[in-house]
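Naming: A, B, ... by sequence-line order, numbering from 1 per chain.
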Amino acid sequence: MSREWILHVDLDQFIAAVEILRNPELRGKPVVVGGSGDPAQPRTVAATATYEAREHGVHSGMPLRTALRRCPEAVFLPSDPPAYEAASERVMAVLREFPVRVEVWGWDEAFVGAATDDPEALAAELQQAVRARTELSCSVGIGDNKHQAKLASAFAKPAGIYRLTGDNWAEVMNDRPTDALWGIGARISKRLAALGLHTVAQLAAADPADLAGHFGPTNGPWYRYLALGKGEAEVVTTPWVARGHSRETTFPHDLTDRAEITRHVTELAERVARDAVAEGRQVIRVSVKVRFAPFLTRTRQSKLPAPTTDAGALSAAAVSVLGRFDLDRPVRLLGVAVDYTMPDT
DNA sequence: TCTGGGGTCCTAGGACCC
DNA sequence: TCTGGGGTCCTAGGACCC
(Lines give C-alpha, C1' and ligand atoms only; values in the text may rest on other atoms or scores of the structure.)
Protein backbone atom coordinates (compact mmCIF):
# COMPACT_ATOMS: atom_id res chain seq x y z
CA MET A 1 0.00 0.00 0.00
CA SER A 2 1.83 3.11 -1.10
CA ARG A 3 1.80 6.39 0.80
CA GLU A 4 3.41 9.80 0.50
CA TRP A 5 7.03 10.27 1.50
CA ILE A 6 9.34 13.25 1.51
CA LEU A 7 12.92 12.58 0.46
CA HIS A 8 15.77 15.06 0.88
CA VAL A 9 18.55 14.65 -1.65
CA ASP A 10 21.78 16.29 -0.51
CA LEU A 11 24.85 16.24 -2.74
CA ASP A 12 28.00 15.27 -0.86
CA GLN A 13 30.76 17.90 -0.76
CA PHE A 14 29.11 19.45 -3.78
CA ILE A 15 31.45 22.34 -4.65
CA ALA A 16 34.59 20.32 -4.03
CA ALA A 17 33.12 17.38 -5.98
CA VAL A 18 32.47 19.59 -9.01
CA GLU A 19 36.01 20.95 -8.87
CA ILE A 20 37.47 17.43 -8.64
CA LEU A 21 35.35 16.36 -11.59
CA ARG A 22 36.94 19.13 -13.64
CA ASN A 23 40.40 18.31 -12.41
CA PRO A 24 40.73 14.67 -11.31
CA GLU A 25 44.29 15.24 -10.10
CA LEU A 26 42.77 17.01 -7.08
CA ARG A 27 41.22 13.77 -5.83
CA GLY A 28 42.56 12.80 -2.42
CA LYS A 29 44.24 16.16 -1.88
CA PRO A 30 43.35 18.90 0.58
CA VAL A 31 41.36 21.42 -1.47
CA VAL A 32 39.92 24.73 -0.27
CA VAL A 33 37.51 26.74 -2.44
CA GLY A 34 36.65 30.36 -1.80
CA GLY A 35 36.76 33.93 -3.05
CA SER A 36 39.25 34.55 -5.83
CA GLY A 37 41.28 31.56 -4.66
CA ASP A 38 44.14 33.70 -3.36
CA PRO A 39 44.85 32.64 0.23
CA ALA A 40 46.87 35.81 0.80
CA GLN A 41 43.79 37.95 0.24
CA PRO A 42 42.44 39.26 3.54
CA ARG A 43 38.72 39.11 4.40
CA THR A 44 38.04 36.10 2.21
CA VAL A 45 36.65 32.87 3.64
CA ALA A 46 36.43 29.26 2.50
CA ALA A 47 33.19 28.21 0.80
CA THR A 48 34.10 24.57 1.30
CA ALA A 49 37.01 22.30 2.20
CA THR A 50 37.55 18.65 1.33
CA TYR A 51 37.84 15.99 4.04
CA GLU A 52 41.62 15.98 3.51
CA ALA A 53 41.71 19.71 4.30
CA ARG A 54 39.34 19.30 7.24
CA GLU A 55 41.79 16.89 8.81
CA HIS A 56 44.07 19.90 9.20
CA GLY A 57 41.35 21.85 11.01
CA VAL A 58 40.16 23.76 7.93
CA HIS A 59 36.41 24.30 7.58
CA SER A 60 34.00 26.38 5.56
CA GLY A 61 33.71 29.93 6.82
CA MET A 62 37.34 29.99 7.89
CA PRO A 63 39.44 32.88 6.57
CA LEU A 64 41.64 31.67 3.71
CA ARG A 65 44.72 33.09 5.43
CA THR A 66 44.00 30.92 8.45
CA ALA A 67 43.38 27.91 6.23
CA LEU A 68 46.76 28.49 4.56
CA ARG A 69 48.46 28.60 7.94
CA ARG A 70 46.80 25.35 9.04
CA CYS A 71 47.30 23.53 5.78
CA PRO A 72 50.09 25.07 3.67
CA GLU A 73 50.00 22.19 1.17
CA ALA A 74 46.29 22.74 0.36
CA VAL A 75 45.21 23.61 -3.18
CA PHE A 76 43.28 26.90 -3.18
CA LEU A 77 40.69 27.40 -5.91
CA PRO A 78 38.51 30.37 -6.81
CA SER A 79 34.77 29.99 -6.39
CA ASP A 80 33.04 29.44 -9.77
CA PRO A 81 29.27 29.85 -9.28
CA PRO A 82 28.30 29.32 -12.95
CA ALA A 83 30.00 25.90 -12.92
CA TYR A 84 28.12 24.90 -9.76
CA GLU A 85 24.87 26.18 -11.20
CA ALA A 86 25.36 24.08 -14.34
CA ALA A 87 26.22 20.94 -12.37
CA SER A 88 23.22 21.52 -10.12
CA GLU A 89 20.87 21.76 -13.08
CA ARG A 90 22.15 18.45 -14.44
CA VAL A 91 21.40 16.77 -11.11
CA MET A 92 17.91 18.29 -10.83
CA ALA A 93 17.15 17.16 -14.39
CA VAL A 94 18.03 13.59 -13.39
CA LEU A 95 15.68 13.75 -10.40
CA ARG A 96 12.85 15.13 -12.54
CA GLU A 97 12.99 12.10 -14.82
CA PHE A 98 11.52 10.02 -12.02
CA PRO A 99 7.76 9.94 -11.37
CA VAL A 100 8.16 12.28 -8.40
CA ARG A 101 7.74 15.94 -7.49
CA VAL A 102 11.00 17.90 -7.18
CA GLU A 103 11.48 21.10 -5.18
CA VAL A 104 14.94 22.59 -5.71
CA TRP A 105 16.44 23.92 -2.49
CA GLY A 106 19.67 25.62 -3.46
CA TRP A 107 22.54 24.30 -5.58
CA ASP A 108 23.09 21.07 -3.78
CA GLU A 109 19.73 20.07 -2.32
CA ALA A 110 16.26 19.09 -3.37
CA PHE A 111 13.14 17.79 -1.72
CA VAL A 112 11.40 14.96 -3.55
CA GLY A 113 7.78 14.05 -2.95
CA ALA A 114 6.75 10.56 -3.94
CA ALA A 115 4.10 7.92 -3.42
CA THR A 116 5.80 4.57 -2.89
CA ASP A 117 5.72 1.56 -0.62
CA ASP A 118 9.52 1.33 -0.58
CA PRO A 119 11.15 4.74 -0.08
CA GLU A 120 14.59 3.18 0.51
CA ALA A 121 14.45 1.53 -2.91
CA LEU A 122 13.47 4.85 -4.52
CA ALA A 123 16.29 6.62 -2.65
CA ALA A 124 18.80 4.08 -3.93
CA GLU A 125 17.52 4.48 -7.49
CA LEU A 126 17.88 8.26 -7.25
CA GLN A 127 21.42 7.91 -5.93
CA GLN A 128 22.41 5.48 -8.66
CA ALA A 129 20.93 7.62 -11.41
CA VAL A 130 22.63 10.77 -10.14
CA ARG A 131 25.95 8.97 -9.89
CA ALA A 132 25.63 7.35 -13.32
CA ARG A 133 24.67 10.55 -15.08
CA THR A 134 26.72 13.17 -13.24
CA GLU A 135 29.43 11.25 -11.36
CA LEU A 136 28.25 13.03 -8.21
CA SER A 137 27.47 11.36 -4.91
CA CYS A 138 24.48 12.23 -2.77
CA SER A 139 22.90 11.30 0.53
CA VAL A 140 19.17 10.78 0.84
CA GLY A 141 17.01 11.36 3.90
CA ILE A 142 13.50 9.94 4.15
CA GLY A 143 10.80 11.51 6.31
CA ASP A 144 7.13 12.30 6.80
CA ASN A 145 7.94 15.97 6.22
CA LYS A 146 10.76 18.22 5.01
CA HIS A 147 12.18 18.80 8.48
CA GLN A 148 12.59 15.08 9.17
CA ALA A 149 13.91 14.35 5.68
CA LYS A 150 16.43 17.20 5.92
CA LEU A 151 17.83 15.97 9.24
CA ALA A 152 17.82 12.40 7.96
CA SER A 153 20.02 13.21 4.96
CA ALA A 154 22.66 14.59 7.31
CA PHE A 155 22.60 11.32 9.25
CA ALA A 156 22.97 9.48 5.92
CA LYS A 157 26.23 11.21 4.93
CA PRO A 158 28.21 10.30 3.01
CA ALA A 159 26.37 8.54 0.20
CA GLY A 160 23.91 6.79 2.52
CA ILE A 161 20.17 6.55 3.11
CA TYR A 162 18.44 7.21 6.44
CA ARG A 163 14.81 7.21 7.49
CA LEU A 164 13.58 9.58 10.21
CA THR A 165 9.82 9.59 10.81
CA GLY A 166 7.36 9.92 13.65
CA ASP A 167 8.15 6.28 14.51
CA ASN A 168 11.78 6.85 15.48
CA TRP A 169 11.84 10.61 16.02
CA ALA A 170 11.87 10.55 19.82
CA GLU A 171 14.40 7.74 19.98
CA VAL A 172 16.80 9.47 17.57
CA MET A 173 16.29 13.13 18.50
CA ASN A 174 15.12 13.46 22.11
CA ASP A 175 18.54 13.64 23.76
CA ARG A 176 20.12 15.93 21.17
CA PRO A 177 20.68 19.65 21.78
CA THR A 178 18.01 21.99 20.41
CA ASP A 179 20.27 23.34 17.68
CA ALA A 180 20.16 19.91 16.05
CA LEU A 181 16.76 21.04 14.73
CA TRP A 182 16.55 22.67 11.31
CA GLY A 183 15.70 26.29 12.09
CA ILE A 184 17.22 26.58 15.54
CA GLY A 185 20.74 27.97 15.50
CA ALA A 186 23.33 28.85 18.10
CA ARG A 187 21.59 32.02 19.34
CA ILE A 188 18.13 30.58 19.93
CA SER A 189 19.64 27.40 21.35
CA LYS A 190 21.50 29.47 23.91
CA ARG A 191 18.38 31.43 24.86
CA LEU A 192 16.43 28.18 25.20
CA ALA A 193 19.16 26.74 27.43
CA ALA A 194 18.88 29.82 29.64
CA LEU A 195 15.24 28.81 30.14
CA GLY A 196 16.31 25.31 31.15
CA LEU A 197 15.47 23.84 27.75
CA HIS A 198 18.62 22.02 26.65
CA THR A 199 17.36 19.02 24.71
CA VAL A 200 14.84 18.37 21.98
CA ALA A 201 12.69 16.43 24.46
CA GLN A 202 12.66 19.33 26.91
CA LEU A 203 11.68 21.78 24.16
CA ALA A 204 8.93 19.42 22.96
CA ALA A 205 7.48 19.38 26.48
CA ALA A 206 7.65 23.16 26.95
CA ASP A 207 4.54 25.34 27.26
CA PRO A 208 3.76 26.99 23.89
CA ALA A 209 2.38 30.13 25.54
CA ASP A 210 5.56 30.42 27.57
CA LEU A 211 7.66 30.10 24.41
CA ALA A 212 5.46 32.68 22.67
CA GLY A 213 6.17 35.09 25.51
CA HIS A 214 9.91 34.73 25.01
CA PHE A 215 10.24 34.34 21.26
CA GLY A 216 7.11 35.87 19.76
CA PRO A 217 3.72 34.47 18.78
CA THR A 218 4.95 32.72 15.64
CA ASN A 219 8.48 31.65 16.50
CA GLY A 220 7.95 30.41 20.06
CA PRO A 221 5.30 27.78 19.32
CA TRP A 222 7.09 26.93 16.06
CA TYR A 223 10.25 25.88 17.92
CA ARG A 224 8.15 23.41 19.89
CA TYR A 225 6.64 22.03 16.69
CA LEU A 226 10.14 21.46 15.37
CA ALA A 227 11.06 19.59 18.56
CA LEU A 228 8.04 17.35 18.05
CA GLY A 229 9.39 16.43 14.62
CA LYS A 230 6.73 18.31 12.72
CA GLY A 231 7.29 20.40 9.63
CA GLU A 232 6.17 21.40 6.18
CA ALA A 233 5.11 18.39 4.12
CA GLU A 234 4.15 19.98 0.82
CA VAL A 235 6.62 19.72 -2.06
CA VAL A 236 6.23 22.80 -4.25
CA THR A 237 7.31 22.26 -7.83
CA THR A 238 6.49 25.71 -9.18
CA PRO A 239 9.58 27.93 -9.56
CA TRP A 240 10.37 30.14 -6.60
CA VAL A 241 9.56 33.83 -7.00
CA ALA A 242 12.35 35.83 -5.40
CA ARG A 243 11.33 38.43 -2.82
CA GLY A 244 14.33 40.58 -3.52
CA HIS A 245 17.91 40.73 -4.59
CA SER A 246 21.16 42.18 -3.30
CA ARG A 247 24.82 42.80 -4.04
CA GLU A 248 27.46 43.50 -1.47
CA THR A 249 31.22 43.81 -1.29
CA THR A 250 33.70 43.48 1.54
CA PHE A 251 36.75 45.56 0.76
CA PRO A 252 40.21 44.13 1.41
CA HIS A 253 41.01 47.45 3.10
CA ASP A 254 38.66 49.90 4.78
CA LEU A 255 37.19 52.84 2.89
CA THR A 256 37.28 56.29 4.46
CA ASP A 257 36.80 58.63 1.53
CA ARG A 258 33.19 59.74 1.21
CA ALA A 259 33.35 60.17 -2.57
CA GLU A 260 34.75 56.67 -2.95
CA ILE A 261 32.02 55.22 -0.73
CA THR A 262 29.37 57.00 -2.78
CA ARG A 263 30.92 55.70 -5.99
CA HIS A 264 30.81 52.11 -4.75
CA VAL A 265 27.17 52.42 -3.64
CA THR A 266 26.29 53.82 -7.07
CA GLU A 267 28.00 50.89 -8.79
CA LEU A 268 26.27 48.35 -6.56
CA ALA A 269 22.89 49.99 -7.26
CA GLU A 270 23.56 49.86 -10.99
CA ARG A 271 24.42 46.16 -10.77
CA VAL A 272 21.22 45.46 -8.84
CA ALA A 273 19.26 47.42 -11.44
CA ARG A 274 20.77 45.31 -14.25
CA ASP A 275 19.89 42.16 -12.30
CA ALA A 276 16.29 43.33 -11.84
CA VAL A 277 15.96 44.04 -15.55
CA ALA A 278 17.45 40.64 -16.38
CA GLU A 279 14.93 38.97 -14.07
CA GLY A 280 12.08 41.10 -15.37
CA ARG A 281 11.18 42.41 -11.91
CA GLN A 282 10.14 45.81 -10.56
CA VAL A 283 11.82 47.33 -7.50
CA ILE A 284 9.72 48.84 -4.71
CA ARG A 285 12.28 49.31 -1.90
CA VAL A 286 15.99 50.09 -1.71
CA SER A 287 18.22 49.21 1.25
CA VAL A 288 21.82 50.17 1.89
CA LYS A 289 24.04 48.14 4.20
CA VAL A 290 27.19 49.56 5.74
CA ARG A 291 29.54 47.46 7.81
CA PHE A 292 31.91 49.68 9.77
CA ALA A 293 35.27 48.53 11.07
CA PRO A 294 35.77 46.44 13.00
CA PHE A 295 32.40 44.71 12.40
CA LEU A 296 29.40 46.90 13.17
CA THR A 297 26.63 46.47 10.61
CA ARG A 298 23.87 49.00 10.00
CA THR A 299 21.11 49.20 7.39
CA ARG A 300 18.88 51.97 6.12
CA GLN A 301 16.05 51.55 3.66
CA SER A 302 13.52 53.55 1.73
CA LYS A 303 10.33 52.66 -0.07
CA LEU A 304 10.19 54.10 -3.56
CA PRO A 305 7.28 56.33 -4.63
CA ALA A 306 6.62 53.92 -7.51
CA PRO A 307 8.04 50.60 -8.77
CA THR A 308 10.97 50.97 -11.15
CA THR A 309 13.94 49.25 -12.77
CA ASP A 310 15.64 52.46 -13.85
CA ALA A 311 19.34 52.36 -12.94
CA GLY A 312 19.50 56.12 -12.47
CA ALA A 313 16.52 56.16 -10.14
CA LEU A 314 17.86 53.24 -8.12
CA SER A 315 21.34 54.73 -7.70
CA ALA A 316 19.85 58.09 -6.76
CA ALA A 317 17.68 56.38 -4.15
CA ALA A 318 20.62 54.36 -2.82
CA VAL A 319 22.85 57.42 -2.55
CA SER A 320 20.05 59.28 -0.81
CA VAL A 321 19.68 56.43 1.71
CA LEU A 322 23.46 56.38 2.15
CA GLY A 323 23.20 60.04 3.15
CA ARG A 324 21.31 59.00 6.29
CA PHE A 325 24.38 57.20 7.69
CA ASP A 326 27.01 58.81 9.84
CA LEU A 327 30.07 57.88 7.80
CA ASP A 328 32.45 58.86 10.53
CA ARG A 329 34.15 55.46 10.82
CA PRO A 330 36.11 53.31 8.34
CA VAL A 331 33.87 51.16 6.15
CA ARG A 332 34.66 47.50 5.40
CA LEU A 333 31.51 46.50 3.53
CA LEU A 334 28.90 48.18 1.37
CA GLY A 335 25.74 46.56 0.08
CA VAL A 336 22.65 47.48 -1.88
CA ALA A 337 19.51 45.36 -1.65
CA VAL A 338 16.11 45.74 -3.25
CA ASP A 339 12.67 44.32 -2.65
CA TYR A 340 10.64 43.37 -5.71
CA THR A 341 6.96 43.94 -6.21
CA MET A 342 5.23 40.60 -5.88
CA PRO A 343 2.77 39.35 -8.49
CA ASP A 344 -0.88 39.07 -7.33
CA THR A 345 -0.46 41.33 -4.34
C1' DT B 1 39.49 32.30 13.30
C1' DC B 2 39.37 39.20 12.96
C1' DT B 3 34.96 37.15 10.80
C1' DG B 4 31.87 36.15 2.47
C1' DG B 5 27.75 36.67 -0.23
C1' DG B 6 23.01 35.89 -1.12
C1' DG B 7 18.75 34.94 0.54
C1' DT B 8 14.02 34.45 3.81
C1' DC B 9 11.10 35.45 7.62
C1' DC B 10 9.81 37.51 12.11
C1' DT B 11 9.58 41.18 15.67
C1' DA B 12 9.25 45.60 17.75
C1' DG B 13 8.46 50.31 17.74
C1' DG B 14 6.96 54.67 15.81
C1' DA B 15 3.90 57.30 12.72
C1' DC B 16 -0.47 58.04 11.33
C1' DC B 17 -5.38 57.62 11.07
C1' DC B 18 -10.05 56.88 12.70
C1' DT C 1 -10.23 68.85 26.20
C1' DC C 2 -3.97 66.03 27.75
C1' DT C 3 -6.30 61.51 26.54
C1' DG C 4 -8.31 55.40 24.63
C1' DG C 5 -7.71 51.73 21.53
C1' DG C 6 -7.23 49.42 17.20
C1' DG C 7 -5.43 48.90 12.56
C1' DT C 8 -1.95 49.55 9.10
C1' DC C 9 2.28 51.01 7.10
C1' DC C 10 7.13 51.64 7.40
C1' DT C 11 11.73 50.94 9.19
C1' DA C 12 15.68 48.67 11.64
C1' DG C 13 17.47 44.77 13.40
C1' DG C 14 17.95 39.86 14.44
C1' DA C 15 18.06 35.00 13.42
C1' DC C 16 18.45 31.39 10.39
C1' DC C 17 19.83 28.90 6.15
C1' DC C 18 22.87 27.47 1.98
(message) Check this one for me: any side-chain N or O of A:R324 less than 4.0 Å away from OP1 or OP2 of C:dT11?
(response) no

(message) Strictly below 4.0 Å: does A:K289 bring a side-chain N or O up to OP1 or OP2 of C:dG13?
(response) no

(message) Taking the six-membered ring of A:F295 as reference, does the cationic atom of A:R291 (NZ for Lys, CZ for Arg) lie under 6.0 Å from its centre and within 45° of its axis?
(response) yes

(request) Tell me what A:S287 touches on the nucleic acid: a base, only sugar-phosphate, or nothing, going by heavy atoms under 4.0 Å. (result) nothing

(request) Please work out if A:G216 contacts a base, only the sugar-phosphate, or nothing of the nucleic acid, heavy-atom cut-off 4.0 Å. (result) sugar-phosphate

(request) Provide the closest heavy-atom pair for A:R332 versus A:P294 in the form atom of the first, atom of the second, distance. (result) CD-O, 3.2 Å

(message) Taking the P atom in each of C:dC18 and B:dC2, what is the distance between them to the nearest angstrom?
(response) 25 Å

(message) Heavy atoms from C-beta onward define the side chain here; which of B:dG4, C:dT11, B:dT1 lies closest to that of A:T66?
(response) B:dT1

(message) Using the side-chain heavy atoms of A:W182, tell me which of these nucleotides is nearest: B:dT11, C:dC10, C:dC18.
(response) C:dC18

(message) The side chain of A:R187 is closest to which nucleotide in this list: C:dA15, B:dC2, B:dG5?
(response) C:dA15

(request) Please state whether the phosphate of C:dG13, meaning OP1 or OP2, lies under 4.0 angstrom from any side-chain nitrogen or oxygen of A:R298. (result) yes

(request) Consider the side chain of A:T218, meaning its heavy atoms from C-beta on, and name the nucleotide among B:dT3, B:dC2, B:dT11 that approaches it most closely. (result) B:dT11

(request) Please state whether the rings of A:H147 and A:W182 are parallel, tilted or perpendicular, taking 30° and 60° as the class boundaries. (result) parallel

(message) Under 4.0 Å, counting only non-hydrogen atoms across every strand here, what does A:A186 touch: a base, just sugar-phosphate, or nothing?
(response) sugar-phosphate

(request) Name the nucleic acid region contacted by A:W222, choosing base, sugar-phosphate or nothing; use a 4.0 angstrom heavy-atom cut-off, strictly under. (result) nothing

(request) Could you pick out which residue, A:F295 or A:F215, lies toward the 5' side of DNA chain B when each is mapped onto its nearest nucleotide? (result) A:F295

(request) Mark yes or no for whether A:E135, through its side chain, and A:R131, through its backbone, hold a donor-acceptor pair below 3.5 Å. (result) no

(message) Could you check whether A:D10 pairs with A:K157 (Lys NZ or Arg NE/NH1/NH2 to Asp/Glu carboxylate O, under 4.0 Å)?
(response) yes

(request) Measure the distance from CZ on A:R43 to P on B:dT3 and round it to the nearest whole Å. (result) 7 Å

(request) May I ask you to verify if any side-chain N or O of A:T299 is less than 4.0 angstrom from the OP1 or OP2 atom of C:dA12? (result) no

(message) Under 4.0 Å from OP1 or OP2 of B:dG7: is there any side-chain N or O of A:H245 that close?
(response) yes

(message) Both A:G213 and A:G61 contact DNA chain B. Taking the nearest nucleotide for each, which residue is further toward the 5' end?
(response) A:G61

(request) State whether A:R247 places a side-chain N or O below 4.0 Å from either non-bridging phosphate oxygen (OP1 or OP2) of B:dG6. (result) yes

(message) Measure CD1/A:I184 against P/C:dC17 and give the value in whole Å, please.
(response) 9 Å

(request) State which of B:dC2, B:dG5, B:dG4 makes the closest approach to the side chain of A:R69. (result) B:dC2

(request) Give the nucleotide from the list B:dG4, C:dC18, C:dC16 with an atom nearest to the side chain of A:V45. (result) B:dG4

(request) Look at all strands and tell whether A:K190 reaches a base, only sugar-phosphate, or nothing, counting heavy atoms closer than 4.0 Å. (result) nothing

(message) What is the distance, to the nearest angstrom, from the CG atom on A:L68 to the P atom on B:dC2?
(response) 12 Å

(request) Pick base, sugar-phosphate or nothing for A:S302, based on heavy-atom distances below 4.0 Å to the nucleic acid. (result) sugar-phosphate

(request) Pick base, sugar-phosphate or nothing for A:A242, based on heavy-atom distances below 4.0 Å to the nucleic acid. (result) sugar-phosphate

(message) Base, sugar-phosphate or nothing for A:G244? Non-hydrogen atoms, less than 4.0 Å.
(response) sugar-phosphate

(message) Less than 4.0 angstrom between a side-chain N/O of A:R332 and OP1 or OP2 of B:dG4, yes or no?
(response) yes

(message) Quick check on B:dG7: is either OP1 or OP2 less than 4.0 Å from any side-chain nitrogen or oxygen of A:S246?
(response) yes

(request) Assign A:I284 to base, sugar-phosphate, or nothing according to its heavy-atom contacts below 4.0 angstrom with the strands shown. (result) nothing

(request) Measure from NZ or CZ of A:K146 to the centre of the six-membered ring of A:F111, then state whether that distance is under 6.0 Å and the direction lies within 45° of the axis. (result) yes

(request) Just compare B:dT8, B:dG5, C:dG13 and give me whichever is closest to any side-chain atom of A:R243. (result) B:dT8

(request) Check every atom of B:dC9, B:dT3, B:dG6 against the side chain of A:W240 and return the nucleotide holding the closest atom. (result) B:dC9

(request) Would you mind checking if A:R247 and A:E270 are paired as a salt bridge, meaning a charged N to carboxylate O distance below 4.0 Å? (result) no

(request) Could you tell me which nucleotide pairs with C:dC18 by Watson-Crick or G-U wobble geometry, both distances under 3.5 Å, or answer none if nothing does? (result) B:dG5

(message) By nearest atom, which of the nucleotides B:dT11, C:dC16, B:dG5 is closest to the A:N219 side chain?
(response) B:dT11

(request) Quick one: label A:P217 by what it contacts on the DNA or RNA (base, sugar-phosphate, nothing), any heavy atom closer than 4.0 Å. (result) sugar-phosphate

